[in-house]
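A short write-up of the structure that comes next.
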Amino acid sequence: MNNTIGFSLGVSLILYNDILYVANVKSFETFFRMSEYYKTESENIIDTVLQGSKIQEDTLVGLRTVTRKDSVIAKSVSKLKFRAERVNKLFDALNDTVFKTVMSDKVFINSFHHVMFENDLLKVKDPTDKKQIKELIRFIADTAQKSPITDESSVGKF
């Protein structure tokens, strides 16, 4: 394979001197069928990181259903494994006061219209709506990354 150039039609990949060059992440994910990996990985993350202790059951079912069908959302869920410790801390601290503090923070104030916290559980208005499930995942990821509760981001103090 030395000193060869190879192209894949429809996918932006170039193979040159035993090195694979990829034009963008989407091409890489398409070529290597990462969508199935993300779907499987998201199921593991839901079981280990999210665990349902602070998420209403029908919302958790909606989350599982959407991640089985949509690899983009599954990829978002998979990224939570890198913040697992912070997500667990968030869930441990989550109560009405903490939720109101997060939702009134200037970073989050107009970002999450469908995420609610009732009866000590996170939920969305319509758990069958893919956009609302995506908003829930963004809420968890963003709150874990830059938490107004602890004045920390995932890279340190604000």
Side-chain angles (χ1 to χ4, degrees), residues 11-13 22-158:
V11 181
S12 302
L13 301 174
V22 183
N24 59 53
V25 171
K26 184 128 177 85
S27 294
F28 176 84
E29 291 174 351
T30 301
F31 188 77
F32 290 103
R33 297 185 177 156
M34 295 296 290
S35 61
E36 294 307 313
Y37 168 79
Y38 291 135
K39 290 175 184 177
T40 303
E41 184 68 15
S42 70
E43 190 69 33
N44 296 331
I45 300 305
I46 292 169
D47 290 341
T48 58
V49 177
L50 301 181
Q51 297 175 352
S53 61
K54 289 285 186 169
I55 300 177
Q56 187 169 306
E57 186 61 33
D58 64 340
T59 299
L60 195 59
V61 168
L63 176 62
R64 287 182 193 282
T65 303
V66 168
T67 57
R68 285 184 190 126
K69 294 178 183 177
D70 189 320
S71 63
V72 174
I73 293 177
K75 182 179 178 181
S76 297
V77 172
S78 298
K79 289 179 181 180
L80 291 177
K81 74 179 174 183
F82 302 112
R83 298 187 189 131
E85 185 179 325
R86 293 183 64 82
V87 170
N88 289 327
K89 286 180 182 178
L90 169 69
F91 282 173
D92 289 344
L94 197 57
N95 59 35
D96 285 329
T97 306
V98 169
F99 184 76
K100 287 176 184 170
T101 301
V102 169
M103 294 304 265
S104 63
D105 187 84
K106 64 182 177 188
V107 174
F108 301 107
I109 197 159
N110 290 315
S111 299
F112 307 107
H113 303 289
H114 300 100
V115 178
M116 299 175 286
F117 189 75
E118 294 176 356
N119 301 324
D120 210 32
L121 296 171
L122 274 175
K123 68 179 202 169
V124 292
K125 292 177 184 176
D126 180 5
T128 62
D129 183 0
K130 184 168 86 170
K131 289 181 182 178
Q132 291 185 30
I133 294 295
K134 191 173 185 175
E135 190 175 294
L136 173 70
I137 296 164
R138 261 191 23 251
F139 170 82
I140 294 167
D142 288 357
T143 306
Q145 180 183 9
K146 42 188 181 263
S147 176
I149 306 308
T150 61
D151 287 339
E152 289 183 48
S153 74
S154 55
V155 293
K157 291 276 186 194
F158 280 146

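Residue numbers count from 1 along this sequence.
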Item to check | F112/D142 under side-chain contact (heavy atoms from CB on, under 4.5 Å): CA gap, chis, key distance, verdict | outcome: CA-CA 11 Å; F112 307 107; D142 288 357; 3.8 Å; yes

Item to check | Verdict with reasoning, K75 to E41, per salt bridge (charged side-chain N to carboxylate O under 4.0 Å, His left out) | outcome: CA-CA 8 Å; K75 182 179 178 181; E41 184 68 15; over 6 Å; no

Item to check | N-O pairing of R64 and D47 below 4.0 Å | outcome: yes

Item to check | Flag if over 12 foreign heavy atoms under 6.0 Å of NZ, K100 | outcome: no

Item to check | Centroid separation F117 to F139 less than 6.0 Å | outcome: no

Next on the checklist: So that I can tick it off, tell me whether K123 and D58 are bridged by a salt bridge, with the cut-off set at under 4.0 angstrom between side-chain N and carboxylate O.
Outcome noted: no

Next on the checklist: Would you say that L50 contacts L80 through its side chain, given a criterion of any heavy-atom pair below 4.5 Å between the two side chains?
Outcome noted: yes

Item to check | Charged N-O contact under 4.0 Å between E43 and R68 | outcome: yes

Item to check | Side chains of I133 and T65 in contact at under 4.5 Å (non-hydrogen atoms) | outcome: no

Checklist entry - Do side-chain atoms of Q132 reach the backbone of D126 as a donor and acceptor pair under 3.5 angstrom? => result yes

Checklist entry - Are any of the side-chain heavy atoms of D129 and V124 separated by less than 4.5 Å? => result no

Next on the checklist: According to salt bridge (charged side-chain N to carboxylate O under 4.0 Å, His left out), who are the partners of K134, at least two apart in sequence or on a separate chain?
Outcome noted: none

Next on the checklist: Under the criterion side-chain contact (heavy atoms from CB on, under 4.5 Å), I'd like the reasoning laid out for I55 against L121: C-alpha separation, chi angles, the key distance, then a yes or no.
Outcome noted: CA-CA 5 Å; I55 300 177; L121 296 171; over 6 Å; no

Checklist entry - Among K125, K131, E135, which residue meets the side chain to side chain donor-acceptor pair (under 3.5 Å) test with H114? => result E135

Next on the checklist: Does F99 form a side-chain contact (heavy atoms from CB on, under 4.5 Å) with V115? I'd like the steps, not just the answer.
Outcome noted: CA-CA 10 Å; F99 184 76; V115 178; 4.1 Å; yes

